[in-house]
Asks: 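After the structure tokens below, expect a handful of questions from me.
All ligand and atom numbering here is 1-based and tracks the order in the structure.
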Amino acid sequence: MANTLLILGDQLTLESSALDAGVLGTDRVLLIEPRDAGPAHKIKRVLHIAAMRAFAVELRGHGWEVEHLPLADVPSFRDAVVEHLERWRPAELIVMEPNNWSQQKCLEEASAQTGTPLRLTPTCQFVTPRAEFLSSANGKKRLLMEAHYRRMRQSLGVLMRSDGEPEGGVWNYDAENRKTVRDWKKDVAPRPSRPPTSQRPRCPIVEEAIADVTRWFPDSPGQAEGFWLPYTREGALEVLECFVNERLPLFGDYQDLMLEDSPTMFHSLIAGPLNLGLLLPMECVDAAVQAYKDGRAPLAAVEGFVRQIIGWREFVNGVYWVKMPAYLASNALNATRPLPKFFYTTETNLNCLHCTIGEARDTAYNHHIQRLMILGNFCLLAGINPQEAHDWFLEMYIDAHEWVMAANVLGMALHADGGFMATKPYAGAAAYISKMSNYCAGCAYDPAKKTGPGACPFNLLYWDFYDRHADRFASNPRTSMMVRSWQKRPPAEQKTITAEAKQFLDGLE
Ligand SMILES: Cc1cc2nc3c(=O)[nH]c(=O)nc-3n(C[C@H](O)[C@H](O)[C@H](O)COP(=O)(O)OP(=O)(O)OC[C@H]3O[C@@H](n4cnc5c(N)ncnc54)[C@H](O)[C@@H]3O)c2cc1C
Ligand code: SF4
């Protein structure tokens, strides 16, 4: 009897272990474009639909029999799976480990309902086997990215010397990878190249995906017409190559820099295709390491990039599977304020937020520091409800998926997991934003002003945050100094700051 090989919409790789487990000429591949995949930016929807349709063509070209259920026919993913299983009665439903928890549950339910055995094969989209991460985390009160990253470097032999020490003698080049706006100007303001796929005429698959998204999801944020990313493996490899050849050499230097008129800076732009399986993590790592070996990119930049892929990406995925399903409800700081409407309209006179949210709306992309130190930082300091923030991030980005969003938003940005994956909150005042961006020059507020008319709200909210959470952060060695510094201030000054912060926060509602 034939099996069904279900390829989920974010598993579009011929390296899929589900395909490996199947028999060409006997088994049937199932691809589903569901309309109930949750809120998403229109550009992300176009990417997913175009990529699935192109992958179906590729699979057929390799001889697979493919049942491809298009958007118009699939109001519900679960119902579509059940109907397929009831119609074809396959011996087994074979699926590569789903990347998202709820999808796995849904498949388990469909399998139980129809009496079809479900076989999950190991994912090839991450380097660390899921079971291995789960067993290494077992019983631990907190997990450290750095420990995980070093283990990965050692076990994979990436940027390691033959004596077992890291290439260059140190594990981490973060200190060299933090050039400021002033440094950038001194370096004669280098500008990044544009990704090659954004400069081409559109092909019919993309045109059709744009038409379908416009028809079925008129209320999703953004404009489908703004689609700018690769949706095939070939295009994804081109974007990777363009990054390695043209932007990687400066990736490290300007990794944390934010410029109003240069949204992507020297970042790789690979997360969208990588999270769909159009690229695999080790080929990205290998391409960067090769550039270092050939003398085309400096070690600090290459180490910084490698850290993102086999460090952070693998780590947040591991944290997700260790902590789900309870993780999504995390709210250790009891933050209850609703997400302000300007996250959708961009209408705010805080220029850093206005610019960053506007770029997300127009392109479905912000780079990491914009996500963490502008948007996440604001939500953390203002006490925005973590679930509302999480849902907004999940809706806005081209690369958004629950497995990656949960730990980044709830853990790293909002400290809602109580410090399980980040030893201190990523809280910053205006001094950080003004040093690392050019947003403040065009802002109604003054980053140097701490109180009074024109004082930057980040300055007020920063201290108000430590006031509200003094008990929790006084006992944390990485934050106790901030709490002491706040508590040493004259009571009148404290009163002014907390009163002005309250006024600002009340105004948000
Ligand atoms: C609040 C918040 C939300 C985020 N949401 C997402 C998300 O939905 N999807 C997503 O892929 N990344 C997310 N990230 C991580 C990171 O910001 C994006 O991966 C990155 O901005 C994507 O752009 P890029 O491809 O140009 O990445 P680069 O800056 O060039 O980095 C290279 C690659 O490293 C990986 N990476 C780097 N940092 C992380 C990280 N913290 N977690 C996971 N992967 C990482 C990505 O695959 C990325 O493509 C989030 C970070 C924060 C702080
Ligand atoms: S002054 Fe404050 S609000 Fe304005 S851009 Fe700078 S940090 Fe943002």
Side-chain angles (χ1 to χ4, degrees), residues 44 126 145 192 195 229 239-240 243 247-248 251-252 254-256 258 260 263-276 279 281 284-285 288 304-317 319-320 348-356 360 364-380 389-390 392-414 421-422 426 428-449 454-462 504:
K44 177 185 164 192
F126 296 91
M145 198 293 283
L229 269 173
V239 166
L240 174 65
F243 164 67
R247 296 198 300 283
L248 177 61
F251 168 81
Y254 301 115
Q255 207 176 331
D256 290 3
M258 299 170 278
E260 201 170 316
T264 64
M265 288 305 294
F266 293 87
H267 290 266
S268 65
L269 314 176
I270 59 167
L274 179 59
N275 293 348
L276 291 194
L279 293 171
C284 303
V285 167
F305 178 72
V306 166
R307 167 181 294 268
Q308 307 305 319
I309 305 276
I310 56 173
W312 281 110
R313 184 173 185 273
E314 296 280 322
F315 182 71
V316 298
N317 181 54
V319 167
Y320 174 77
T348 167
N349 55 4
L350 281 79
N351 195 41
C352 50
L353 288 170
H354 171 74
C355 293
T356 308
Y365 179 85
N366 286 137
H367 73 65
H368 184 68
I369 297 301
Q370 295 172 306
R371 298 185 202 200
L372 183 64
M373 295 310 294
I374 304 291
L375 303 171
N377 185 22
F378 177 81
C379 292
L380 171 77
H390 173 266
W392 180 87
F393 276 99
L394 198 54
E395 188 176 4
M396 290 311 282
Y397 292 110
I398 189 84
D399 45 43
H401 300 264
E402 191 180 271
W403 67 263
V404 57
M405 209 43 103
N408 272 305
V409 176
L410 302 171
M412 193 184 323
L414 298 188
M421 64 157 286
Y426 283 89
Y432 175 84
I433 298 172
S434 120
K435 190 168 87 175
M436 300 309 298
S437 81
N438 62 1
Y439 297 136
C440 301
C443 187
Y445 296 102
D446 181 348
K449 272 197 94 176
C456 171
F458 277 90
N459 291 334
L460 302 168
L461 296 181
Y462 180 80
F504 173 81

Asks: Between Tyr397 and ligand 1, does any nitrogen or oxygen pair lie at a separation below 3.5 Å?
Replies: no
Asks: Please name the pair of heavy atoms, one in Arg247 and one in Met265, separated by the smallest distance, quoted to 0.1 Å.
Replies: CD-O, 3.7 Å
Asks: So, regarding Ala271 and ligand 1 (criterion: nitrogen or oxygen to nitrogen or oxygen, under 3.5 Å), is there a contact or not?
Replies: yes
Asks: Can you pull out the closest protein heavy atom to atom 1 (C) of ligand 1? Residue, atom name and distance to 0.1 Å, please.
Replies: Phe393 CE2, 3.6 Å
Asks: Using heavy-atom distances, let me know which of Ile309, Ile310, Leu372 sits nearest atom 33 (C) of ligand 1.
Replies: Ile309
Asks: I'd like to know if Asn317 contacts ligand 1, where contact means a heavy-atom distance under 4.0 Å to any ligand atom.
Replies: no
Asks: Tell me: protein heavy atom nearest atom 41 (N) of ligand 1, and distance?
Replies: Asn408 OD1, 2.8 Å
Asks: Starting from atom 27 (O) of ligand 1, locate the nearest protein heavy atom and write down its residue, its atom name and how far away it is, to 0.1 Å.
Replies: Ser268 OG, 3.7 Å
Asks: For atom 29 (O) of ligand 1, which candidate among Gln370, His267, Arg247 holds the nearest heavy atom?
Replies: His267
Asks: So is Phe251 touching ligand 1 or not, going by heavy atoms under 4.0 Å?
Replies: yes
Asks: May I ask whether Tyr365 has any heavy atom positioned less than 4.0 angstrom from an atom of ligand 1?
Replies: yes
Asks: Using distance alone, determine whether Phe305 and ligand 1 share an N or O pair under 3.5 Å.
Replies: no
Asks: Could you pull out, from Met265, Met405, Met412, the option with a heavy atom nearest to atom 5 (N) of ligand 1?
Replies: Met405
Asks: What protein N/O/S atoms lie closer than 2.8 Å to atom 2 (Fe) of ligand 2?
Replies: Cys456 SG
Asks: Under the side chain to side chain donor-acceptor pair (under 3.5 Å) test, which residues partner Tyr432, sequence neighbours left out?
Replies: none
Asks: Would you call Ile310 and Pro281 a side-chain contact if the rule is heavy atoms closer than 4.5 Å?
Replies: no
Asks: Can you say whether the rings of His401 and Trp403 are parallel (under 30°), tilted (30 to 60°) or perpendicular (over 60°)?
Replies: parallel
